[in-house]
Amino acid sequence: VYEGALQDLIDELGRLPGVGPKSAQRIAFHLLATDQVDVKRLAAALVRVKDEVRFCATCFNVAEGEQCQICRNPRRSEEVLCVVEEPKDVVAVERTGEFRGRYHVLGGALSALDGVTPERLNVASLLKRARDGVDEVILAVNATVEGQTTAHYLMDALAPMGVKVTRLAHGVPVGGELDYLDEGTLSAAFKARRSL
Ligand SMILES: [Zn+2]
């Protein structure tokens with residue numbers, strides 16, 4: 001519709017999750033009207049996040065070095081692993097102040113529809129960690145169809161290892177994503193987690 005750089009920007013913005021063509025156009029015109037210095041800061045932040053942020057070699061949380069802050073912290077218990085779908089879920093669980101163990105970030109949830117198989121998630125590394133002397137694995141996946149499918153898959157995979165597997169209890173509404181829960185609800189679900 002537009003030409004050159006403006007249309008390129010609208011196209012790029014339109015590829016972001018949750019941004020439709022109308023929003024893409026609105027954001028593009030907003031940026032066009034924004035001060036040069038502010039736009040440069042945004043552009044620099046985009047480049048920096050790709051240059052500087054990595055995924056932790058151990059748990060796949062976001063990290064600025066080889067390992068994330070939590071894996072580097074010797075005071076965090078290595079006996080309990082909390083399995084979440086995305087790094088944002090680590091933040092949600094950390095906010096409760098309820099958990100002193102370590103995490104494992106799957107990088108998504110199983111979905112036949114979207115072609116997400118166990119091989120495309122950080123499952124093999126989870127099973128390896130579980131084998132290496134973990135007492136409990138807490139499945140803190142979302143209460144969505146994909147999250148529950150993933151939980152069932154992991155339960156079966158972890159069963160032969162003799163590790164205790166628990167799941168978040170009541171309070172997590174069906175279809176609910178962890179990071180939308182308030183701290184009190186998530187904290188209660190954590191304390192009342194059930195053994196499987
Ligand atoms: Zn880590």
Side-chain angles (χ1 to χ4, degrees), residues 17 45-111 114 116-144 146-169 172 176-183 185-187 189-191 193 195-196:
L46 289 173
V47 173
R48 268 188 64 209
V49 80
K50 286 305 287 180
D51 282 349
E52 294 175 17
V53 182
R54 302 269 176 280
F55 292 101
C56 174
T58 305
C59 76
F60 303 95
N61 187 14
V62 285
E64 292 221 339
E66 178 77 2
Q67 285 197 307
C68 72
Q69 273 184 340
I70 293 166
C71 287
R72 285 202 315 263
N73 184 347
R75 289 197 302 274
R76 305 286 301 223
S77 160
E78 295 192 57
E79 279 94 61
V80 189
L81 280 187
C82 179
V83 177
V84 295
E85 293 180 23
E86 305 284 353
K88 66 187 166 70
D89 301 324
V90 171
V91 176
V93 174
E94 283 298 287
R95 267 201 318 253
T96 69
E98 212 50 65
F99 183 62
R100 299 301 302 158
R102 313 250 175 160
Y103 291 90
H104 196 85
V105 181
L106 293 171
L110 293 176
S111 167
D114 297 326
V116 183
T117 58
E119 292 72 34
R120 288 187 50 189
L121 300 176
N122 302 317
V123 168
S125 49
L126 168 65
L127 300 181
K128 186 176 181 304
R129 288 179 83 190
R131 245 192 315 264
D132 293 345
V134 169
D135 292 336
E136 180 184 358
V137 173
I138 304 169
L139 301 176
V141 290
N142 292 331
T144 55
E146 292 80 10
Q148 298 315 298
T149 304
T150 308
H152 285 289
Y153 176 86
L154 292 177
M155 270 182 255
D156 289 344
L158 290 163
M161 293 177 193
V163 55
K164 181 182 175 193
V165 182
T166 57
R167 262 171 106 171
L168 296 193
V172 181
E177 297 193 19
L178 282 195
D179 65 328
Y180 287 120
L181 297 177
D182 66 89
E183 284 145 52
T185 305
L186 185 53
S187 169
F190 230 89
K191 279 190 219 149
R193 65 183 183 268
S195 209
L196 298 163

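Atoms within each ligand, like the ligands themselves, are counted from 1 in listed order. One-based numbering along the sequence shown.
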Exercise for the section: Could you label the plane-to-plane angle of the F190 and F99 rings as parallel, tilted or perpendicular, counting under 30° as parallel and over 60° as perpendicular? Expected result: tilted
Exercise for the section: Could you tell me whether R193 and E98 have a side-chain N and a carboxylate O separated by less than 4.0 Å? Expected result: no
Practice task
Anything protein N/O/S under 2.8 Å from the Zn ion (ligand 1)? Just list residue and atom, please.
Solution key: C56 SG, C59 SG, C68 SG, C71 SG
Fill in the blank from the handout: Given the options T166, V165, L168, L139 meets side chain to side chain contact (heavy atoms under 4.5 Å, CB included) only with V165
Handout entry: Residue pairs involving residues 53-67 (criterion salt bridge (Lys or Arg N to Asp or Glu O under 4.0 Å); sequence neighbours excluded)
Key = none
Practice task
Return the set of residues passing salt bridge (charged side-chain N to carboxylate O under 4.0 Å, His left out) with R129 (not counting sequence neighbours), or none when no residue passes.
Solution key: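 R129 satisfies salt bridge (charged side-chain N to carboxylate O under 4.0 Å, His left out) with no other residue.
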Exercise for the section: Name all residues meeting the salt bridge (charged side-chain N to carboxylate O under 4.0 Å, His left out) criterion together with K164; count only those two or more places apart in sequence or in a different chain, and write none if there are none. Expected result: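 Here no residue qualifies.
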